[in-house]
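All chains are named by letter (A, B, ...) in the order of the sequence lines, taking the proteins before the strands, and each is independently numbered beginning at 1.
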There are 2 protein chains.
Amino acid sequence: MKVTGDQALVKKINKSLILHTIRKHPELSRARISEMTGLNKATVSNLVAELQEEQLVLEVGTGESSGGRKPLILHFHAMAGCVIGMELRVKQLTAVLCDLNGKVLHEAEAPLQQHDLPYVLENMKTMISGLIAKAPPTHYGVVGIGVGVPGMVDEDGVVLFAPNLAWEKVELRKLLEESFSIPVIIDNEANSGALGELNFGRGEDVRHLLYVSAGSGIGSGIIIGGELYKGSRGYAGETGHMCIEAEGTPCSCGSRGCWELYASEKAYDLAAVELPAYQTPELIRFAAEGNAAARQQFAVMGTYLGIGLTNLINGFNPELIVIGGPLSEARTWLEEQMQQVVARRTLPYHKQQLEIAFSTLGSRATMIGAGFSAAMHFLGHTRVMV
Amino acid sequence: MKVTGDQALVKKINKSLILHTIRKHPELSRARISEMTGLNKATVSNLVAELQEEQLVLEVGTGESSGGRKPLILHFHAMAGCVIGMELRVKQLTAVLCDLNGKVLHEAEAPLQQHDLPYVLENMKTMISGLIAKAPPTHYGVVGIGVGVPGMVDEDGVVLFAPNLAWEKVELRKLLEESFSIPVIIDNEANSGALGELNFGRGEDVRHLLYVSAGSGIGSGIIIGGELYKGSRGYAGETGHMCIEAEGTPCSCGSRGCWELYASEKAYDLAAVELPAYQTPELIRFAAEGNAAARQQFAVMGTYLGIGLTNLINGFNPELIVIGGPLSEARTWLEEQMQQVVARRTLPYHKQQLEIAFSTLGSRATMIGAGFSAAMHFLGHTRVMV
DNA sequence: AAAACTTTGTTTAACCAATATACAAAGTCG
DNA sequence: CGACTTTGTATATTGGTTAAACAAAGTTTT
């Protein structure tokens, strides 16, 4: 059944519009909101009153007057509740407790020794319980848990396939919701990272963003029109297996010449010369110390990174690309080659408005984005397309 | 200023919902519409009455009863007006006059000898005038003109760049609207083709579709969530310049190893052996007659087509891919290799729900899609996202 | 300092679209 | 022929936005 229009819908649209306007622009008065949104002053007053009752908006004193009554300044009440954002990595579990605006209140971290589901689930539950215990007293309490995982996830929060964990069809959302009775949002690690960067990193006011997470493989989070694009069954963005060498090295996916064989940590196995180290942080240290083999390795990977990016640019035409994941820490040795290749290979019109940047949230992008998803799910978001 | 909700919006949403429900499902009664949409019977009655006054809906007699009063059957009045759909090709101009539901009423065709703007524009105007003259008398007359062009188009109907025409920044929409005072929609040829296939070809009920137009180059039209995705400045889908051989043949775009060098008509230049012909229709004829070189050429191109498709599948995860454009006529000699490569190279989860098909509209997909765009623009489409 | 003007936010009455309910119209079936 | 069904319309109610008037709280001018 499709979505029909009635007065309840109108109210939902306008309330959502006002709430998110306040959330994105602090220091607004009712009068300014009325101007910005086009809603009548009376409508704004009524809906703001409801949002205040719901503890989502606060009056925080008066602002400066420009020849009349002083405006009453409204704030989004980010501490009306908390959310937990978590990232499940191959060797590590990390999580944050955030307010509803993504501000980090607590962090947690634990190593993972193995990948069997009971073990990992136990660790996740322990970490979540720990953060819930640390949560400050708020009106709504902990209202959502978001988790970014290294694999494909469907719309029901089932991890369909996570090769690095050897997981298949794990009903992660259901398992966690049964334990905590709090809404759980599961998403791909790159998708969460994209949301993190869009909302708290470089992505302010960007409508089309590509977040490329380079680590043990490559995954992309695709933001289209300000929204996460997930593909027909929820797992688009598997760009790591895009072929960039038709008859290249065979890949575990069944194809050959996949991008991530050349531009992720998997490339270490293909290095022409022996490397001083085969872990990214160590290799970065060697590069910083002037090791030629390490620098050369990153230069080659930067080139291939650029080739894959060019393909993504031609296909998606984003305004901004953010490089994240563990490999983004090697920026200094990757960037020059990468930018050169992109400059040389992209179509002239694409160059004009494209920016390629490295993550500002670093390794925290995914968990912050996952927390943000949970917060948005709690706040709701209804709007109209013409 | 953002879109706010009020009663006018509610009415617009519901009216649009009813109109498009009737358009897509003939033989509906008011009662069935009420059931399908969830709208109250009275609401449906009121809005249908308005649509009848606007000549967009007709009562066409009664249907079968199942034990009560016979239902009054409603039809979308496709002949309330006409639209023109046009395709601008390198050597040819083709156009159709359609009713509001995409049914072709008249066709026109003319060769193009050169590409300078005044000449092409003159030909376009002559053809459009001719079709307008042939249009049957309808309530609204000709309500829109849609044009598919081989190049990048921005949201203002400006052809930014069309290498095969040597056009740059041509304000095509403005030029045509000034001549005819009818709304004009300009779009990329592949985008229009995608819309054509989505609505009148293989794409019924498909939400994520990729239309790959293979001819003198390769372009893709991307349908996401039932809507055309155009990228940040309106020209995504330039997938022909996706790199599939990192150090491959240099391309005119500045890059190397671009897909369209190996899988479009450009591949004829790279053929290992001498070909019996260098025009697609002739080469197809040779292949049909058993010519080994021609068949081998198509087999190789099918392989490369499959490699590029695999990349698109991993990135966009569509439900359906439709191959169109002149090369789709060589289906018999392309398909086997292409499907084999895709089957071998795509990730297991992508295979499950993916179908790759060849165009059913053939060379008419683009102009029919362009006409459809114009019709949709006239009818309007307002809906809600949650 | 008083009067005039400005700006903010609330109150009031009017409007209008969807809805539930009742109802009329037009059929089927035993 | 009477009981039941289904379709489509009429009526009163509900509940949201809005324009306009107004109250509150400032600043500027005289």
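Counting heavy atoms of neighbouring residues, nucleotides and ligands inside a 6.0 Å radius, atom CZ of A/R207 does not exceed 12 of them. The environment of A/H377 atom NE2 is sparse: at most 12 non-hydrogen atoms of other residues, nucleotides or ligands sit within 6.0 angstrom.
Distance B/L39 CG to C/dT19 C1': 11 Å, rounded to the nearest Å. Rounded to a whole Å, the CD1 atom of A/I13 is 15 Å from the C1' atom of D/dG15. What separates CG of A/N14 from P of D/dG15 is a distance of 17 Å, to the nearest Å. Across the protein-nucleic acid pair, A/L72 atom CG and D/dA25 atom C1' stand 10 Å apart, rounded to whole Å. Note: CD (A/E64) to C1' (C/dT6) measures 15 Å, nearest angstrom. Atom NZ in A/K11 sits roughly 20 Å away from atom P in C/dA17 (whole-Å rounding). Taking atom CG of residue A/D6 and atom P of nucleotide C/dA18, one finds them 9 Å apart after rounding to whole Å. In this structure, the CG atom of A/L17 is 11 Å from the P atom of D/dT17, given to the nearest Å.
Among the protein residues, A/A42 comes within range of the nucleic acid bases, having at least one heavy atom under 4.0 Å from a base atom. Within 4.0 Å (heavy atoms only), A/S65 reaches sugar-phosphate atoms of the nucleic acid but no base atom.
Phosphate contact (OP1/OP2 of D/dA25, side-chain N/O of A/K70, threshold under 4.0 Å): absent. In this model, the phosphate group of D/dG16 is not approached by any side-chain N or O of A/N46 to a distance below 4.0 Å at OP1 or OP2. At the phosphate of D/dA19, OP1 or OP2 sits under 4.0 Å from a side-chain N or O atom of A/N40. Here A/R32 does not reach the OP1 or OP2 of C/dT7: none of its side-chain N or O atoms lies under 4.0 Å away. Phosphate contact (OP1/OP2 of C/dG9, side-chain N/O of A/S29, threshold under 4.0 Å): present. For the OP1/OP2 pair of D/dG8 and a distance below 4.0 Å, the side-chain nitrogens and oxygens of B/S45 include no atom meeting the criterion.
Partner of B/L74 under the side chain to side chain contact (heavy atoms under 4.5 Å, CB included) criterion, out of B/V60, B/I33, B/L28: B/I33 alone.
The residue among A/G67 and A/K15 whose nearest nucleotide of DNA chain D lies closer to the 5′ end is A/K15. Looking at which nucleotide of DNA chain D each of A/K41 and B/R69 is closest to, the 5′-most match is held by B/R69. Map A/A31 and B/A8 each onto its nearest nucleotide of DNA chain C; the residue landing nearer the 5' end is A/A31. Taking for each of A/E59 and A/G5 the nucleotide of DNA chain C with the nearest heavy atom, the 5'-most of the two is the partner of A/E59.
Looking only at distances, no side-chain donor or acceptor of A/D156 sits under 3.5 Å from a matching main-chain atom of A/V158.
Side-chain atoms of B/S66 lie closest to D/dT6 of the nucleotides D/dT6, C/dT7, D/dG16. Of the candidate nucleotides D/dG8, C/dA17, C/dT19, D/dG8 has the atom lying nearest to any side-chain atom of B/P71.
Side-chain N/O atoms of B/H75 and B/E59 include no donor and acceptor closer than 3.5 Å.
Annotation for A/V384 and B/L9: closest pair CG2-CD2, 3.7 Å, computed over non-hydrogen atoms.
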